[in-house]
A.B. asks: 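Quick one: structure below, then a few questions.
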Number of protein chains: 2
Amino acid sequence: MVRRFAAGEALFRKGDHAFGIFRLVAGRIRLAPVTPDGAEVPVPMARPGELFAEASLFSARYHCDALALTDSEVLLYPKAEVVQQLKKNEEEMWKFAGEMAHRLQGLRTQLELRQIRSAPQRVLQSLHLRCDATGRWAPEGTLKQFAEEIGLTHEALYRALATLKKEGRIRRDKDQISLLAKDFKALDKDEK
Amino acid sequence: MVRRFAAGEALFRKGDHAFGIFRLVAGRIRLAPVTPDGAEVPVPMARPGELFAEASLFSARYHCDALALTDSEVLLYPKAEVVQQLKKNEEEMWKFAGEMAHRLQGLRTQLELRQIRSAPQRVLQSLHLRCDATGRWAPEGTLKQFAEEIGLTHEALYRALATLKKEGRIRRDKDQISLLAKDFKALDKDEK
DNA sequence: CGTCACATTGATGCCTCTCAAAGCTTGTGG
DNA sequence: CCACAAGCTTTGAGAGGCATCAATGTGACG
């Protein structure tokens, strides 16, 4: 079931009855658990293709707010339907579990990344994770978004990129960033 | 199947044939993906009771190193066995998926936490997440470990606690930390 | 051609990390 | 029972780096 939300609109709010899980098709969604002391702690954003609010299948209510940052399009899988489907169809269930396991890894990886304090180091590591086998990567979206994803201000990102370029560790072409020899020793390719 | 590992011993290494998933019973395990440029980026640690290496069920090989930081005891669920069990038993499968969904939330929460730069704020937020309904929390393990879990040096943690105490937001008793009125407005209790 | 958002670089300040040192707690052995 | 060792706890001083504020350049789109 396709549903669209305008920028600023809420898909659901904390405490709402959990009516289904979502897959983001296009746009940007921010999952923003309400903090006890009022301040908003945003960040974990859903990106296109990702499943989110999976926990709602196992819970009666949502545990955080989901806000559309831009006009967005999502697939809504009604809870009752999904549950029935999954419980009946072992194949589907397996796929679903596999997806969650995959996301778990992704989040762990992100967590590691945040542990790197140095902006250039963090950027470099991010690039390693995103570059293809040839050591190249074309950012999807703006660099500003990229900065946000890896938890840096955009200024810090630009400076880090400049530093890395000056050190000869990366090259920047039109709409593309490449790892240079020093850091690109045929990244191991045995993901998940 | 219970297995024990001494401090410093590796449960498995990146690239090893995936032979099963684990649940930590006691001790501390560090999951440490090898970074391309040699530096170690540790952090995502398994804590007692947690399942880890779930992704190995959906993959032929492990994707990171697992190192015992202290003498540890784990439950090893052989892959073939688990897979068969899960695929046959819908009930078990559902429990397994629920556990992963739960872990997903936990990791997202941690990720939000790391986004808070200010040490006092991060500590406060961590306390909110850990305190019981009465606003109290007894740290399991040392404060040093707590500091590591929330991504601060222990010095920063001690200073943050001192600051919060001075501001009258927390109270520290023997082996217990309490949130004070200002920040403790009956934390919403509708966890999953 | 004007507007708007991204991209880039500069200057400043705060805050956490780091290195250091001292007090405290716990356990061990004589 | 005491003395010593080891690790946690706590506070101090200094430095580096990222966030913040600010300004300019650049590209896309109407």
Side-chain angles (χ1 to χ4, degrees), chain A residues 7-8 27-28 39-43 45 69-71 112-127 137-167 169-178, chain B residues 7-8 27-28 39-43 45 69-71 111-127 137-167 169-177:
Chain A
R28 298 172 77 204
E40 339 80 45
V41 184
V43 175
M45 301 206 316
L69 291 179
T70 67
D71 292 355
E112 292 149 30
L113 212 58
R114 300 301 174 92
Q115 205 63 9
I116 305 175
R117 313 272 177 184
S118 157
Q121 282 300 310
R122 191 189 297 182
V123 171
L124 194 59
Q125 182 71 14
S126 305
L127 291 176
W137 177 62
E140 320 143 11
T142 70
L143 287 180
K144 205 174 167 186
Q145 277 174 37
F146 178 50
E148 194 174 334
E149 282 174 25
I150 64 176
L152 291 174
T153 59
H154 58 280
E155 296 99 321
L157 171 61
Y158 292 131
R159 276 185 253 268
L161 286 174
T163 300
L164 291 172
K165 192 165 88 176
K166 194 163 53 190
E167 291 177 351
R169 317 189 71 159
I170 64 171
R171 199 181 58 203
R172 301 190 56 186
D173 309 296
K174 176 74 175 169
D175 291 337
Q176 178 178 288
I177 298 178
S178 314
Chain B
R28 297 173 77 203
E40 338 80 44
V41 185
V43 177
M45 301 205 317
L69 291 180
T70 66
D71 293 354
L111 215 49
E112 291 149 33
L113 212 57
R114 299 302 174 92
Q115 205 64 9
I116 306 176
R117 312 273 177 184
S118 156
Q121 281 301 311
R122 190 189 297 181
V123 170
L124 194 58
Q125 182 70 13
S126 304
L127 291 177
W137 176 60
E140 320 143 11
T142 70
L143 287 180
K144 205 174 168 187
Q145 277 174 35
F146 177 51
E148 193 173 336
E149 281 173 26
I150 64 176
L152 291 174
T153 58
H154 60 278
E155 296 98 323
L157 171 61
Y158 291 127
R159 275 186 254 268
L161 287 175
T163 301
L164 291 172
K165 192 165 87 175
K166 194 164 53 190
E167 291 177 353
R169 319 190 69 159
I170 65 171
R171 197 181 60 202
R172 300 190 57 186
D173 310 296
K174 176 73 175 170
D175 292 337
Q176 178 178 289
I177 298 177

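Every chain is numbered from 1 and lettered A, B, ... according to where its sequence line falls, protein lines coming before strand lines.
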A.B. asks: When rounded to the nearest 0.5 angstrom, what distance separates CZ in A:Arg169 from OG1 in A:Thr163?
C.D. replies: 11.0 Å
A.B. asks: Would you please test B:Ile177 and B:Leu161 for side chain to side chain contact (heavy atoms under 4.5 Å, CB included) and show each step?
C.D. replies: CA-CA 10 Å; B:Ile177 298 177; B:Leu161 287 175; 4.3 Å; yes
A.B. asks: Drop me the distance from B:Arg172's CZ to B:Leu164's CG, to the nearest 0.5 angstrom.
C.D. replies: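 The distance works out to 10.0 Å.
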A.B. asks: Enumerate the residues from residues 153-163 of chain B whose closest heavy atom to DNA chain C is under 4.0 Å, giving them by residue number; use none for an empty result.
C.D. replies: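 By residue number: B:Thr153, B:Glu155, B:Ala156, B:Arg159.
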A.B. asks: Of B:Lys144 and B:Arg117, whose nearest nucleotide on DNA chain D comes first from the 5' end?
C.D. replies: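 Its nucleotide being nearer the 5' end, the pick is B:Lys144.
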A.B. asks: Go through DNA chain C in 5' to 3' direction and return only the first and the last nucleotide with some atom under 4.0 Å of chain A's heavy atoms.
C.D. replies: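 Span of nucleotides near chain A: C:dC6 to C:dC17.
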A.B. asks: Using whole Å, what does the distance between atom C1' of nucleotide D:dG7 and atom CD of B:Gln145 come to?
C.D. replies: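 In whole Å, D:dG7 C1' and B:Gln145 CD are 12 Å from each other.
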A.B. asks: Take the protein atom NZ of B:Lys165 and the nucleotide atom C1' of D:dT10, then report the distance between them rounded to whole Å.
C.D. replies: 11 Å
A.B. asks: Shortest non-hydrogen contact from B:Ala147 to B:His154?
C.D. replies: CB-CA, 3.7 Å
A.B. asks: Could you tell me how far apart A:Ile150 (CD1) and D:dC18 (P) are, to the nearest whole angstrom?
C.D. replies: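 Going from CD1 in A:Ile150 over to P in D:dC18 covers 11 Å.
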A.B. asks: Rounded to the nearest 0.5 Å, how far apart are CD of B:Gln121 and CD of B:Gln115?
C.D. replies: 14.0 Å
A.B. asks: Give the B/S/- string for nucleotides 24-30 of chain D, one per nucleotide from 5' to 3', where a protein heavy atom under 4.0 Å of the base yields B, of only the sugar-phosphate yields S, and otherwise -.
C.D. replies: -------
A.B. asks: What is the nucleic acid contact for A:Arg172, judged by heavy atoms within less than 4.0 Å: base, sugar-phosphate only, or nothing?
C.D. replies: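 Sugar-phosphate only.
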A.B. asks: Under the rule for salt bridge (charged side-chain N to carboxylate O under 4.0 Å, His left out), what residues qualify as partners of A:Arg122, not counting sequence neighbours?
C.D. replies: none
A.B. asks: Any chance you could measure A:Gln145, atom CD, to A:Arg28, atom CZ, to the nearest 0.5 Å?
C.D. replies: 4.0 Å
A.B. asks: What heavy-atom pair brings A:Ala119 and A:Ala156 nearest, and what distance separates the two atoms?
C.D. replies: CB-O, 4.4 Å
A.B. asks: Can you tell me how far OG1 of B:Thr153 sits from NZ of B:Lys144, rounded to the nearest 0.5 angstrom?
C.D. replies: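 Spacing of NZ (B:Lys144) from OG1 (B:Thr153) equals 11.0 Å.
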A.B. asks: Could you check how far NZ of B:Lys166 sits from C1' of D:dT10, rounded to whole Å?
C.D. replies: 13 Å
A.B. asks: Using the salt bridge (charged side-chain N to carboxylate O under 4.0 Å, His left out) criterion, which residues pair with B:Arg117? Sequence neighbours excluded.
C.D. replies: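 If we apply the salt bridge (charged side-chain N to carboxylate O under 4.0 Å, His left out) test to B:Arg117, skipping adjacent residues, there are no hits.
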A.B. asks: Checking B:Asp175 now: which residues fulfil salt bridge (charged side-chain N to carboxylate O under 4.0 Å, His left out) with it, not counting sequence neighbours?
C.D. replies: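 By the salt bridge (charged side-chain N to carboxylate O under 4.0 Å, His left out) rule, B:Asp175 matches no residue at all.
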